[in-house]
Amino acid sequence: MKGREVGYVLLALIILGVAGVVVKLVDVGNNDQTLTGLLPLHSDVIDGITIRTTEFGPDSSKGTAKLNRLGDSWSIGTESGSQAAFQPYLDRMWEVVSRFEGAQLISTNTSNHKKMSIDDQTGIEVIFMLGASVQEKFTVSSDWSGDIRHCFLRRAGNDYVYTVPCQYDDIFNSDPNGWRNPIIIRIPLEEINLVTIRFPKQNNEFFNIDLNGKTNGVWTPFLLLPDSTQYANPYTAETLLKAINTLIASGFAEDEEGSNINFDIPDASILVKTREGSQIPTQRMLFIKRDDGNYYVKNTNRADVFVLDGEIVEGFVLPLDSYLFPEESLIQQ
């Protein structure tokens, strides 16, 4: 082979070698350490989100949650129609979604998908819509092992799995009830005038509690009885006060189930009278015990029928004896 031909061959090999390096660099570039190139995912851009899973079966209403935006307001579709979505749940979801762009690559091996619950059978599908078009689609899951809390996500059509920090569980909840407002009652102490606990099925027995009482500037709840006023048990009264300040349900009764519950004569009721001039209305909660020991709860100012853990209810829905100041605590003069 002549020297000139050898030179051509060497030049060709060099060119192929450079091309190989370029190809390799492009391949490495595709295997980026962070997720980039997503279409905008913001609450003022996206107008629909579908969250679905196969966990509850294809015929279960709990398997798909559909969130829709109208203007600045988001709603969730339920069996009884559309209801306002609970803003704190929306806020924490959008906080996590804002981290999708730049999420850290954690796995490129498809054999890890099932272990990470990020496969099509066990993962949660989250679809972001813009009008009638899919803006982005992901499969997500979460892991709470140890002290590290994070979510896994896999973009549609891609096998790579990325991770972002997730402070809360059920951020992408496929149960429509998981997006409803779970607050049964929320009234701060300074707005409360009087609390009446009543037991309609026990000869309609009732008693009143003044939760705003003070003795020498110290918070002191009082029992207002027909023939006397006396100190209330501060521990039981404090549990009651905390419940009235913010009582969060553990779930909701299904629509058909809730419509068949007779709250005319509940097991117990709590009437919270707010002070004159308060912007918060007087509210009444009705309690009916279920066979499983939990309670149906209804705030008469709302249409929802809530479900609340029995241990929580029985920490403050108690007879008069439990609100009496314990004799052993009285200071003997």
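Residue indices begin at 1 and follow the sequence shown. Everything quoted here is computed from the prediction, not taken from an experiment.
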Cationic N near anionic O, under 4.0 Å, D267 to K201:
yes
With distance as the sole test, does N212 use its side chain to make a donor-acceptor pair with the main-chain N or O of I192 at under 3.5 Å?
yes
Does Y296 have its ring centroid less than 6.0 Å away from the ring centroid of F287?
no
Using atom types as modelled and distance alone, determine if a side-chain donor or acceptor of N294 lies under 3.5 Å from a backbone N or O of K289.
no
Is the closest side-chain heavy-atom distance between E254 and V305 below 4.5 Å?
no
If only atom types and distance count, is the side chain of S250 paired as donor or acceptor with the main-chain N or O of V307 below 3.5 Å?
yes
Is there a path of hydrophobic side-chain contacts, each under 4.5 Å between heavy atoms of I/L/V/M/F/W/Y residues, joining I184 to L211?
yes
Determine whether more than 12 heavy atoms belonging to other residues, nucleotides or ligands lie under 6.0 Å from atom CZ of F86.
yes
If we only count heavy atoms from C-beta on, is the T64 to D175 side-chain gap below 4.5 Å?
no
Check: L39 main-chain N/O paired with Q135 side-chain donor or acceptor under 3.5 Å
no
Crowded around D72 CG? As in, over 12 foreign heavy atoms under 6.0 Å?
no
Note, I106 side chain near F152 side chain (heavy atom, < 4.5 Å)
yes
Any donor-acceptor N or O pair under 3.5 Å, side chains N299, Q283:
yes
So, S107 versus N109: side-chain donor-acceptor pair below 3.5 Å or not?
no
Answer yes or no: is there an ion pair linking D304 with R180, defined by an N-O contact shorter than 4.0 Å?
yes
Report the C-alpha distance between L247 and M285 in whole Å, list the side-chain angles of each, state the deciding distance to 0.1 Å, and finish with yes or no for side chain to side chain contact (heavy atoms under 4.5 Å, CB included).
CA-CA 11 Å; L247 188 60; M285 293 182 290; 3.9 Å; yes
If you count the non-hydrogen atoms of other residues, nucleotides and ligands that lie under 6.0 Å from CG in L189, is the total more than 12?
yes
Begin from the C-alpha positions of I197 and F207 and carry the test side chain to side chain contact (heavy atoms under 4.5 Å, CB included) through to its verdict.
CA-CA 6 Å; I197 299 180; F207 54 94; 3.9 Å; yes
Do NZ/NE/NH1/NH2 and the carboxylate oxygens of D169 and R92 come within less than 4.0 Å?
no
Applying side chain to side chain contact (heavy atoms under 4.5 Å, CB included), run through V97 and F128 and close with a yes or a no.
CA-CA 10 Å; V97 171; F128 296 92; 3.8 Å; yes
Using atom types as modelled and distance alone, determine if a side-chain donor or acceptor of N233 lies under 3.5 Å from a backbone N or O of Y235.
yes
May I ask whether I187 and I248 are part of the same hydrophobic cluster, defined by side-chain heavy atoms of I, L, V, M, F, W, Y residues being less than 4.5 angstrom apart, directly or through others?
no
N/O donor-acceptor pair under 3.5 Å between T53 side chain and G63 backbone
no
Would you say F263 and V297 are hydrophobically clustered, going by side-chain heavy atoms of ILVMFWY under 4.5 Å?
no
Show, in sequence, the C-alpha distance, side-chain angles and deciding distance for D120 and R154, and conclude whether the salt bridge (Lys or Arg N to Asp or Glu O under 4.0 Å) test is met.
CA-CA 10 Å; D120 295 336; R154 180 169 59 85; 3.2 Å; yes
Determine whether the aromatic ring centres of residues F306 and F252 are separated by less than 6.0 angstrom.
yes
Single-linkage hydrophobic cluster L130~V126, side-chain heavy atoms < 4.5 angstrom
no
Hey, does the side chain of Y323 reach the backbone of F316 with a donor-acceptor pair shorter than 3.5 angstrom?
yes
Please answer: with hydrophobic residues joined when any side-chain heavy atoms are less than 4.5 Å apart, are L241 and L324 in the same cluster?
yes
Suppose we call two aromatic rings close when their centres sit under 6.0 Å apart. Are F138 and F100 close by that rule?
yes
Quick one, V195 and L271 - any side-chain contact, counting heavy atoms below 4.5 Å?
no
Looking at D227, I'd like to know if its CG atom is crowded, meaning that more than 12 non-hydrogen atoms belonging to other residues, nucleotides or ligands lie closer than 6.0 Å.
yes
Under 3.5 Å, is there a donor-acceptor pair between the side chain of R99 and the main chain of P165?
yes
Between K273 and E191, does at least one N-O distance fall below 4.0 Å, as a salt bridge requires?
no
So, does T274 use its side chain to make a donor-acceptor pair with the main chain of I280 at under 3.5 Å?
yes
Do E205 and R198 meet the salt-bridge criterion of a basic N to acidic O distance under 4.0 Å?
no
Is the closest side-chain donor-acceptor distance between T220 and T215 under 3.5 Å?
yes
So, for F222 and Y231, is the gap between ring centers shorter than 6.0 Å?
yes
Side chain to side chain contact (heavy atoms under 4.5 Å, CB included) between L286 and R284: does it pass, once the steps are laid out?
CA-CA 7 Å; L286 309 176; R284 176 183 276 111; 3.6 Å; yes
Can you confirm whether E311 is buried at CD, in the sense that more than 12 heavy atoms of other residues, nucleotides or ligands lie under 6.0 Å from that atom?
no
Under 3.5 Å: donor-acceptor pair, side chain of T236, backbone of S322:
yes
